[in-house]
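Position 1 is the first residue of the sequence; numbering continues from there.
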Amino acid sequence: SALSFMTLLGMGTAIYKLIPEYLVGEFKNKISSLVRFSLKIILITNIILIFIFALVADYISLHLKMHLQLVFITLIMVFFFSISNMLSYILLGFQRMKTYTTINIAGQIIRIIFAAILTILGFSFFGPPIGIIVALASMTLFQIISLAPVIFQTINHKWDRFRELFEYS
């Protein structure tokens, strides 16, 4: 989880702070652009991180004494965890606490159910990480559905998102 927080580059906190400011002020039209830009940056950093760690997966597996498959499962978990985390910050920025809580509770229930079922079915120590991946993927999907009007809104203006976002992060 430390890796997934590093891939956020501090943008989660910046989004969490900027969205309420823009909602109150006259900058409501900037929110969608800001959200999309930050999600693109997060996706790019995640892809780079996964690529680098995939190149050294054998080394990580050998020195941490983990199965190679578990290293790749961990990379998938880091990807979904950071995307889900960023979307959580966006939900919190819009102050949708009920949606945030509902999605997190649903994710925890899904994680427990999938981890238990996969462990019982004989996946042994692969059951819990796969359960976590399924939970994070479903949480990400629920968050995207919840934020769809913001993420997929048509934008017809230009502004320096990069400077403003990284100024706070």
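- Looking at residues two or more places apart in sequence or on another chain, you find a side chain to side chain donor-acceptor pair (under 3.5 Å) between S88 and Q143.
- In this view, I105 and T101, I109 satisfy the side chain to side chain contact (heavy atoms under 4.5 Å, CB included) rule, not counting sequence neighbours.
- L55 belongs to a hydrophobic cluster whose other members, connected by ILVMFWY side-chain contacts under 4.5 Å either directly or through intermediates, are F51.
- In the hydrophobic clustering of ILVMFWY residues, with side-chain heavy atoms under 4.5 Å counting as a link, F80 and I145 come out apart.
- Residues G127 and T119 come closest through the heavy atom pair CA-OG1, 4.0 Å.
- Of all the heavy atoms in A57 and V71, the pair that sits closest is CB-CG1, 4.0 Å.
- Residues forming a side chain to side chain contact (heavy atoms under 4.5 Å, CB included) with I112 (at least two apart in sequence, or on another chain): none.
- A 6.0 Å sphere centred on CZ of F94 holds more than 12 heavy atoms belonging to other residues, nucleotides or ligands.
- Distance alone, capped at 3.5 Å, is enough to place a donor-acceptor pair between the T45 side chain and the I42 backbone.
- Nearest approach of M11 to M86, heavy atoms of both residues: O-CE, 3.8 Å.
- Residues F123 and I117 share a hydrophobic cluster, clusters being chains of Ile/Leu/Val/Met/Phe/Trp/Tyr side chains in contact below 4.5 Å.
- Cluster membership for I110 and I113, using ILVMFWY side-chain heavy atoms within less than 4.5 angstrom, is shared.
- No continuous path of ILVMFWY side-chain contacts below 4.5 Å connects I120 to F114, so the two sit in separate hydrophobic clusters.
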Residues 128-142, side-chain donor-acceptor partners within the protein, below 3.5 Å, at least two apart:
{"unit_1": "S138", "atom_1": "OG", "unit_2": "V134", "atom_2": "O", "d": "3.1"}
{"unit_1": "S138", "atom_1": "OG", "unit_2": "A135", "atom_2": "O", "d": "2.8"}
{"unit_1": "T140", "atom_1": "OG1", "unit_2": "L136", "atom_2": "O", "d": "2.8"}

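- Note that CG of D58 is 5.5 Å distant from CG of L68, once rounded to the nearest 0.5 Å.
- Between V35 and L147, every side-chain heavy-atom pair lies at or beyond the 4.5 Å cut-off.
- Between the CZ atom of F72 and the OG atom of S61 there is a distance of 9.0 Å, given to the nearest 0.5 Å.
- With side-chain heavy atoms closer than 4.5 Å counting as contact, directly or through intermediates, I47 stands alone and belongs to no larger hydrophobic cluster.
- L34 and V24 are assigned to two separate hydrophobic clusters, defined by single-linkage of ILVMFWY side chains at heavy-atom distances under 4.5 Å.
- Interatomic distance, N104 CG to Q108 CD, rounded to the nearest 0.5 Å: 7.0 Å.
- Put simply, CG on L87 and CD1 on I103 are 9.0 Å apart, with the number rounded to the nearest 0.5 Å.
- With sequence neighbours left out, the side chain to side chain contact (heavy atoms under 4.5 Å, CB included) criterion links L92 to Y16, M97, Y100.
- Contact of the L118 side chain with the F126 side chain is not registered, since no non-hydrogen atoms from C-beta on lie closer than 4.5 Å.
- Contact detail for V78 and N46: the closest heavy-atom pair is O-OD1, 4.2 Å.
- The nearest pair of heavy atoms linking S146 to L91 is OG-CD2, 3.6 Å.
- Other cluster members for I52: I44, I48, joined by side-chain heavy-atom distances under 4.5 Å among Ile, Leu, Val, Met, Phe, Trp and Tyr.
- Residue pairs meeting the side-chain hydrogen bond (donor to acceptor under 3.5 Å, both in side chains) criterion with at least one member in residues 62-80: none, sequence neighbours excluded.
- Taken from NZ in K30 to CG in L23, the straight-line distance is 13.5 Å, to the nearest 0.5 Å.
- In this view, Q95 satisfies the side chain to side chain donor-acceptor pair (under 3.5 Å) rule with no residue, not counting sequence neighbours.
- Across A54 and L75, no two heavy atoms sit closer than the pair N-CD1, 3.9 Å.
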